[in-house]
Amino acid sequence: MRSETPRPGGGRPWRALLAWLVAALPCAFLFAPGVPAAAEQTPQTLVENALMCYCGCTDLMVRTCTCGTAARIKDDIAQRLASGQTVDQVIEAYVAQHGEKIRSAPTRRGFNLLAWVMPFAAILTAGIWIVVRVRRWAAFGAGPPATVAGAPRTLPLADLPGADRKRLDRIERELRQDL
Amino acid sequence: MAEFGTLCLFLALAASAWAALASYNGWRVRSGALVLSAERAVFAAWGLVFLAVVALERLIFTDRFDLEYVASYSNRALPFAYKLSALWAGQSGSILFWVFILCCYSGLVVLLNRRRNRPLMPVVVATLSVVTTFFLLLLNFMARPFVSLSHPPPDGMGMNPQLQNPFMAIHPPCLYLGYVGLTVPFAFAIAALATGQLNDTWFRTTRRFTIVSWFVLGTGVLLGGWWAYVELGWGGYWAWDPVENASFIPWLTATAFLHSVMIEERKKMLRVWNMALVIMSFLLSILGTFITRSGIISSVHSFTRSDIGPMFAGFLGLCTIFSIGLLLHRVPMLRSEHRLDSFVSRESTFLFNNLLLVGAAFAVLWGTLFPIISEAVRGVKITVGPPFFNEVFVPITFGLLTLCAICPIIAWRRATPRKLLEKIQIPFWAMLAAGTSLVAAGIRDVYAIVSFTLSTFVIVTTVMEFYWGARSRRRATGEAPFAALWNLLDRNKRRYGGFVVHLGVILIVIGVTGSSAFKQEATAALRRGETFSIGRFSLRLEDMESQDTPNHEFLGARLAVLDTGRWVGTLTPGQNFYKAGQDPSSEVDIRSTLQEDLYLIMIGFDPQEGRATLKAYLNPLINWIWIGGAVLILGSGFAMLPDLRQRRRAAEARLQELQPHAV
């Protein structure tokens, strides 16, 4: 009698161990020989990321722009921070001088809050609608399960172990539907 | 030659307008002669636009600076390849190139459907011709490429130095092929709606056009990123610039369509939604063009501000009203024939995948347009830059990655939660292993950990699909392992090509995560012999170099690169000073490995002090973005290969249908 092949992901501990190794090896390769330091967030970089460069030649943040204007802004930010101003104070000083356009992102207050909320609100609303609709469809339109027997088979499956038979059956069925 | 070009464009406009009118009227009065005349006019318009393109190229190559376009975007020293790409370097030339591609698509559609889809073709031709006519109107009256100068300069101003890059020569044609290609499924969708022939013919006919458009648009976006990386000299590849976003948004909706159309094929569901997605993708491609050319939103990529913006806005508005009106009119005829069997099924995951893809497109569009909304409502100009897009887009991407992992392993129609849990055991353990390994290795960036672990989840589920499928086939047929794998792939190119595309996307995600979360940078002003460090690399300024070419003069700093004290090569970042007098452009130098890029820019050189100001970036895993792009192209190409077996079966079926009549 043919022994039953374990299900994919069936509960043998060596499979979990194998999966661990399979996933851990690429990670070890990618980050060898040392773990890269995550991008540093100092007060200087926080301000540089919060402001756009106004040089006019690019639409880049002060942090990423390489022009002379950006270099001067970076020096000025460093001086302001060294003189004891906080990150928010430095940003506000630039906004007072150049207007809100200098911020790299809208604030999370007042009308600007809409910018942040709207995408997630839209996705959430549509998601709830889909869940309600699909549940209703599923309740009224339930048919036989996909794994039900009866579909003609095109390959000699009788001798296959259970898991392979089901899998190949599924693939063949999907292939037929595609055609 | 300029007069000849002008005449060609005028005649092309007449031919295209005739094609639109004759085709529409031919459909209304059922006149085959009018429809045939319209189809011939499509070819006439194609030939005339082709001649106009040849005329403009000839004027560029012969340095005819008495033509405004040639004087503005070319000069004598411009290399051959860039004289060719000067065609799309400016506003009017790029619109001419756009129309040429649209005419090519239109001609191809007419050619391929001479004996097929005849009830749809009059409206298809009319729709394509209306779009062509609009662009030809722009070329004839608003953005004319053949305008002469009364006082021609001795030499032209030359092309923008940043456009003098091989990627920039290929990137716009790819984007245009993608943008314009979306007009074909739109035309068939409009034809299906107008004629009421709402069966699956329209999307089966245009499926290959849609995949090709999606594929070239995606390739164009990637090439644009590559160009930005090697040319713009800020160490990045994507700045969420409005023009970049404009190309990304229709790609997202086209991706949603390519997924949801599978549900329509199998279950005859989501028919209104699929129509809406095709219409949306086309309208977004026009919106993208409007954003690029109107100057309504400031962007580094924008063409010169011109007065064609209102024309685009008007055309976009008319297209929106007309297509949505037509869709609403046909909604009763588009009701689904089937319903979902279960909440836990592949169909459901496709619905949520569509939700997130369209949600992502909406989020990017919303962020891109919000400055205009803010100015209109509050009267205050604001900027919506990378921090906004990163914060909004990353959670959506995580949702998409999760669906990308679950979708291939969940059954169609109905899957039991128990079976689903069984199937995700191995991927789940692999995901957990990746996460704990990353934490154990000292990584603390939460976004990076989530991104890498979800990527592992997707890779393992996808590879498992290949492995289990091939193994089952081998056991069933007794084929050798590789033969079983090949036959499995060959039997369903779309399915497995799609999985390869998923793998490509995951590699891109890995590259983006690594290069964003672990990027390092350092700046220094060095004299000869001085050194500065970034990560494990030390960089020593050896000498300054200069090189003179007919087009520009190059000044660069030669640096020795030492990896943990060991010499590994030299890099020479510099600047090009163009003889046509434009601003200098940065010429970065990069040391690329699979692990990371060492990216060097020379910001400036002070000849009096002999000091070069240099900026260095260390971009981990960045090359996986380009490798992922190559995998994506490979997968798309495989999915697009014709299925010879399917064709043979169809031919046999037709033969069987004919046999009784023959008897």
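Each chain gets a letter, A, B and so on, in the order its sequence line appears, and its residues count up from 1.
Proximity of B/I510 to B/I459: side-chain heavy atoms (C-beta onward) are separated by under 4.5 Å at one or more points. Considering only heavy atoms from C-beta on, A/Q44 comes within 4.5 Å of A/L81 through its side chain. Residues A/F120 and B/P395 meet the side-chain proximity criterion, which asks for heavy atoms closer than 4.5 Å.
Of the N and O atoms on the side chains of A/T42 and A/T45, at least one donor lies less than 3.5 Å from an acceptor on the other residue.
Among B/W240, B/Y617, B/F370, the residue making the largest number of heavy-atom pairs under 4.5 Å with chain A is B/F370. Top candidate by heavy-atom pairs under 4.5 Å with chain A, chosen from B/K615, B/R444, B/E521, B/E596, is B/E521. The candidate with the highest count of non-hydrogen atom pairs below 4.5 Å against chain B, out of A/S104, A/G127, A/G110, A/G99, is A/S104. Across B/P386, B/G367, B/S345, the residue that shares the most heavy-atom pairs under 4.5 angstrom with chain A is B/P386. With chain A as partner, the option from B/G535, B/G236, B/P387 having the largest number of non-hydrogen pairs under 4.5 angstrom is B/P387.
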Subject >> side chain to side chain contact (heavy atoms under 4.5 Å, CB included) between B/F457 and B/T461, worked out >> reply: CA-CA 6 Å; B/F457 191 28; B/T461 52; 4.2 Å; yes
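With a threshold of 4.5 angstrom between heavy atoms, B/I396 approaches chain A through side-chain atoms but not through N, CA, C or O. Neither the backbone nor the side chain of B/V358 comes within contact range of chain A, judged by heavy atoms closer than 4.5 Å. Residue B/F389: no heavy atom, backbone or side chain, is found under 4.5 Å from chain A. Looking at B/V384, the atoms closer than 4.5 Å to chain A (heavy atoms on both sides) sit in the backbone and in the side chain alike. Proximity to chain B (any heavy atom under 4.5 Å) is restricted, for A/M52, to the side chain, taken from C-beta onward. Looking at B/L351, the atoms closer than 4.5 Å to chain A (heavy atoms on both sides) sit in the backbone and in the side chain alike. Proximity to chain A (any heavy atom under 4.5 Å) is shown, for B/L365, by neither the backbone nor the side chain. Of the atoms belonging to B/I382, heavy atoms from both backbone and side chain fall under 4.5 Å from chain A. For B/W366, the part sitting under 4.5 Å from any heavy atom of chain A is the side chain, from C-beta outward, and nothing else.
Under the salt bridge (Lys or Arg N to Asp or Glu O under 4.0 Å) criterion, A/D76 pairs with A/R80, sequence neighbours left out.
Between A/R103 and A/E92 there is a salt bridge, with a side-chain nitrogen of the basic residue lying less than 4.0 Å from a carboxylate oxygen of the acidic one. The pair B/E347-B/R266 does not meet the salt-bridge criterion, since no charged nitrogen lies less than 4.0 angstrom from a carboxylate oxygen.
The shortest heavy-atom contact between A/W116 and A/P106 is NE1-O, 3.1 Å.
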